Amino acid sequence: MLVDASNALLAWYDANRRDLPWRAMPGESSDPYRVWLSEIMLQQTTVAAVGPYFHKFITYWPTMRALAEADEADVMKAWAGLGYYARARNLIACARTIVARHGGRFPDSEAELLQLPGVGRYTAAAVAAIAFGRRAVVVDGNVERVVARLFAVKEPLPGAKAKLYDLTDSITPARRNGDFAQAMMDLGATICTPRKPACGFCPLATLCAARAEGDPARYPVKTPKVAKPRRVGHAYWLERDGAVLLVRRPAKGLLGGMLAFPSSAWEEKVGAGSGAPAQAEWQDGGSIDHAFTHFALTLHLRCAEGEAGEGIWWPIAQLEEAGLPTVFAKLIARGRAWKKPPLLSRQEA
DNA sequence: AATCCGTGGGC
DNA sequence: TGCCCAAGGAT
């Protein structure tokens, strides 16, 4: 099984590998900095979404040392919109650790990689395999799906993670390990997809237990998810001389370390809506809806003119360059429309 | 072990 | 609209 599966997969990969910006040409060695940066960005994030951000980061900070010396606020701003902002904070911490404790060069063992901030079991294995050619068991969501189908694993995720790891280990070859890992992920992304797997094009079809059963799409089995709650809150648009007040959110927690509009707590029932940055006659500025991973939010914008003690006054005309997380960027148009005469109606949406 | 942590696209 | 999903990690 091992030899059959890995040989078939590698042959398929040689003919069908995706051409991605962080990938070395066949036969060339990959740059650990680019591999690591891409792996962090790709955590729970699509290739399509990562593309422009990867290009931007490589342009601004072409080397690990450049990133280690970067201003943290600039990095957070460059990351804005990509989500999971702890990744950006850990990115900086990791770059600085590598420069301070590893002479600016990546450690090449899984165990050492695992010690770095933002690097967990998957990323340590991926960097060890792809950047350094080490044998490592690389298991991401794609691999879990491919392996669950290949062996028709009946146990549901997430409980089945340990079993899927062991099964992946059992088919992981000793050579071309980086290619094998990327081949598994390419297969999962392009052929062995969640909904309608293209088994007719799959190099592992004749070995696949789920295929033999007749309904491969029913794998991997998953335990049902709990419905996510809906929350409500207020955000505040405080305007003064063509500028609006922004604040930096606390380093930890939701949207940690990011610039934002001042806001109330977000709760399941309409809380009082405190958190206003000033005493003012707040007016209704409309609302937006936004879906986070674990709750849905309706955010009402409250608008006023006035002064405030603390915060950053940002020119309204340049708010797009402030680096606001998407949930707040959605409010920009509402704030700008406030107190302008309604052209037709301000009620849409 | 379970929860928290963003966003955009597909259906 | 709503749910699922995407190269997961930290606590």
Side-chain angles (χ1 to χ4, degrees), chain A residues 18 20-23 34-54 76 79-91 93-94 113-131 136-146 157-159 161-162 165 168 178 180-190 192-196 217 220 222-231 249-258 260 266 288-298 323-330 349:
Chain A
R18 289 180 292 175
L20 301 173
W22 43 87
R23 237 172 220 184
R34 295 167 71 95
V35 172
W36 163 74
L37 179 60
S38 69
E39 289 299 342
I40 302 297
M41 288 184 165
L42 287 162
Q43 289 168 6
Q44 298 290 283
T45 309
T46 57
V47 166
V50 164
Y53 284 87
F54 181 79
M76 300 310 287
W79 196 277
L82 195 57
Y84 284 147
Y85 298 99
R87 291 184 296 174
R89 286 180 266 124
N90 285 329
L91 193 78
C94 183
L113 287 164
L114 205 47
Q115 300 302 312
L116 297 168
V119 176
R121 189 177 62 223
Y122 161 75
T123 304
V127 173
I130 297 169
V137 181
V138 182
V139 185
D140 75 327
N142 288 305
V143 176
E144 285 181 344
R145 184 171 57 256
V146 171
L157 283 169
K161 280 181 177 293
Y165 182 96
T168 306
F180 178 79
Q182 294 177 92
M184 289 286 280
M185 294 190 278
D186 275 17
L187 187 72
T190 63
C192 194
T193 54
R195 290 192 183 82
K196 292 182 176 180
K222 297 191 175 183
T223 56
K225 296 179 179 178
V226 295
K228 55 181 169 186
R230 169 164 292 282
R231 297 183 189 171
R249 293 175 64 88
K252 295 190 175 182
L254 187 68
L255 309 173
M258 301 300 289
W266 302 338
I288 59 96
D289 288 298
H290 190 76
F292 291 100
T293 304
H294 54 295
F295 66 94
L297 176 69
T298 297
L324 295 174
T326 299
V327 61
F328 291 114
K330 285 180 177 178

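Numbered from 1 within each chain, the chains take letters A, B, ... in sequence-line order. All values below come from the heavy atoms of this structure, side chains included, with hydrogens, waters and symmetry mates left out. Here the structure is a predicted model, which means the values were calculated and not measured.
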Sugar-phosphate, base or nothing in reach of A:Leu255, heavy atoms under 4.0 Å: sugar-phosphate
Touch class at under 4.0 angstrom, heavy-atom based, for A:Val138 against every strand present: nothing
Sugar-phosphate only, base, or nothing, as touched by A:Thr45 at under 4.0 Å among non-hydrogen atoms: base
Positions of residues 122-129 of chain A (non-hydrogen atom under 4.0 Å from DNA chain C), listed by number: A:Tyr122, A:Thr123
Sugar-phosphate only, base, or nothing, as touched by A:Gly188 at under 4.0 Å among non-hydrogen atoms: nothing
Any A:Val138 side-chain heavy atom under 4.5 Å of A:Met184 side chain: no
Ring centres under 6.0 angstrom apart (A:His290, A:Phe292): yes
Sugar-phosphate only, base, or nothing, as touched by A:Ile130 at under 4.0 Å among non-hydrogen atoms: nothing
Any N/O donor-acceptor pair, A:Arg89 side-chain to C:dA10 base, under 3.5 Å: no
Contact under 4.0 Å: A:Thr46 side-chain N or O vs B:dG9 OP1/OP2: no
Side-chain donor-acceptor pair present, A:Arg87, A:Gln43, cut-off under 3.5 Å: no
Whole angstrom value for the distance that separates P of C:dG9 from CG of A:Leu91: 14 Å
Sugar-phosphate only, base, or nothing, as touched by A:Pro325 at under 4.0 Å among non-hydrogen atoms: sugar-phosphate
Sugar-phosphate, base or nothing in reach of A:Arg121, heavy atoms under 4.0 Å: sugar-phosphate
Minimum-distance nucleotide to A:Asp140 side chain [options: C:dA6, B:dC5, C:dG8]: C:dG8
A:Arg23 or A:Gly118, whichever maps to the more 5' nucleotide of DNA chain C: A:Arg23
